[in-house]
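See below for the structure under consideration.
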Amino acid sequence: MSDRPLRLRFAPSPTGFFHVGGARTALYNWALAQREGGTFVLRIEDTDEARNRPEWTHGIIDALAWIGIAADDPHFEGPYFQSHFADAHVAAANQLFEAGLAYYCDLTAEQVQERAKASGKPGYDGYSRDRNLEPGPGRVLRFRVPAGTTVVTDLVRGEVSFDNANTEDFVLLRGNATPMFLLANVVDDVAMRISHVVRAEEHLPNTPKQQMLWEALGEEPPAWAHVPVLVNEQRKKLSKRRDKVAVEQYRAEGYLADAMVNYLMTLGWAPSGETEIVPWSQIVDEFRLEDVTHSPAFFDIKKLSAFNGEYIRKLGVERFIELCAPYLTADDVPWPREQFNPSVFSAMAELVQTRVTRLDQVVAMVDFLFLTDPPIDDDAFAKAMSAPNAIALLGEVIGAYETAEWDHDVLKETLEAVGAGHGLKPGKAQAPVRIAITGRSVGPPLYEPLVLLGREETLRRLRAALERGGGPAA
RNA sequence: GCCCCCAUCGUCUAGUGGCCUAGGACACCACCCUUUCAAGGUGGCGGCACGGGUUCGAAUCCCGUUGGGGGUGCCA
């Protein structure tokens, strides 16, 4: 730790989407920067030219903004691009070479491997340490790892010591003279006066190397903090291949940013008090690296959804309607787009709100209101219609609804009275009507939709169901 | 193989030697409420990996075992 001004950095490499693990790391950095009046530096590590596209950077900035890390916030600095500092990386490498702290080696990667295999010791064996090679094409610059022990002081893990004998003379500059990650990362952190490096645990094994680099460059190393990785159900690090890790995807499915942020923060840490659902302001007040757990955390979509459901329910109904709009007017809605009626949805919104845990679920919740003939779940239909008296009941309901006052309570009482006539409780009585109207056996409450659909449409669907169920044409 | 990290209910966690008969949340189960489904309410199930120490006292400290994870690139 040092007395330097608090400067944290988040340094993702652009890969086309924003990883939830990266989001959590960014949030940890952000919470600290906000409370301590520090600076959050965004640096895009785009040195791997093979995978690097400008639009991916926009994706990262956009995703960060979504979780509340806004580029126009005074605590935010950047983005910087690592590729722009290549000269500085090479200059630092030269400095190390001139000082005798690094040396060139002409062994190819294959040769290094062969030697390792032959000797039985893994890694590079220091073959060119004392050969005094000059720079040249194909020659890599390697760091001369000193003897001794490197002790990394980590804010979440305490002191971790590494025997330098286990650290090979790692590569600083490739054979084509371009800088490697370890070097570039340190040189940039030095240049940007980074005081705290808060990143995922997978970087812990790199840390002794980077700390040696800081020292070789004549700098006091930053405070380190390695937070546990996020894992899947198999307890493996979340991977792009097997797991759903893209923040953008969760966003598209209708997870609320606040819910995502809150949930992410509870992975490896917990706010005080009996509830985990807390506002960001409380998180900022309470979050401390020293309190971060030491073991990996399972990213549980079920729990995320529970958080999301809670956040959705807390929304004012107007806000809920607003947030649902994109899903209801998307290109892939199941109904003919011109049949969508916003005021009908608004009338239903409150009933829908307690029944979804993701915004994209609202579509299936109200589709029957905008579909001329909602698809009917065959099994559910068969089951509802095979109940004793179901057909008779449907016929009677049709008769009653032909003249009944078109009012929620009247509709309810009428249907229940017909049901009672057949010895059916309200729950049973509404089943055939529900399937006739919505095509499903479950859904939002029944009578509000009936009112919205109107007498004519309600009767049309009821008659169609009666016919389909084999009853007399009514 | 080697290096490093880690270990409390199924999961995320609270716990920093006595407030622990181990608390909360998600999930699950039951009941209540109820026009289905939710939501809400009440209750329940369920854990300190194991073995040794240290101590009057250990989930908390130490050692070992076992089990997990991460790293081991001229990737980042």
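Order of the sequence lines sets the chain letters (A, B, ...), proteins ahead of strands, with each chain counted from 1.
- Of all nucleotides present, only B/rG10 satisfies the Watson-Crick or G-U wobble test against B/rC26, with each distance under 3.5 Å.
- Looking at A/Lys428 and A/Glu416, no side-chain N of the basic residue comes within less than 4.0 Å of a carboxylate O on the acidic one, giving no salt bridge.
- When Watson-Crick and G-U wobble pairs are counted only if both distances are under 3.5 Å, B/rU34 pairs with no nucleotide at all.
- Atom P of nucleotide B/rU13 and atom CG of A/Leu264 are separated by 12 Å, given to the nearest angstrom.
- Each of A/Arg129, A/Arg144, A/Lys209 was evaluated against A/Asp169; a single residue qualifies, A/Arg129, per the salt bridge (charged side-chain N to carboxylate O under 4.0 Å, His left out) test.
- Under 4.0 angstrom from either OP1 or OP2 of B/rC28 there lies no side-chain N or O belonging to A/Lys302.
- Here B/rA49 sits opposite B/rU65 as a Watson-Crick or G-U wobble pair (both hydrogen-bonding atom distances under 3.5 Å).
- Side-chain contact check for A/Tyr80 versus A/Leu42: every heavy-atom pair is 4.5 Å or farther apart.
- Of the side-chain N and O atoms in A/Arg174, one or more sit less than 4.0 angstrom from OP1 or OP2 of B/rA76.
- The phosphate of B/rU13 (OP1 or OP2) has a side-chain N or O of A/Thr293 nearer than 4.0 angstrom.
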Check your understanding: Would A/Arg199 and A/Leu8 satisfy side-chain contact (heavy atoms from CB on, under 4.5 Å), going step by step from the backbone distance to the final call?
Key -> CA-CA 10 Å; A/Arg199 55 178 12 172; A/Leu8 303 133; over 6 Å; no
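- A close approach under 4.0 Å does not occur between any side-chain nitrogen or oxygen of A/Arg235 and OP1 or OP2 of B/rC6.
- Donor-acceptor pairing under 3.5 Å, judged by distance alone, is absent between the side chain of A/Lys303 and the base of B/rA27.
- Judged by closest nucleotide on RNA chain B, A/Phe298 is the one of A/Phe298 and A/His203 placed further toward the 5' end.
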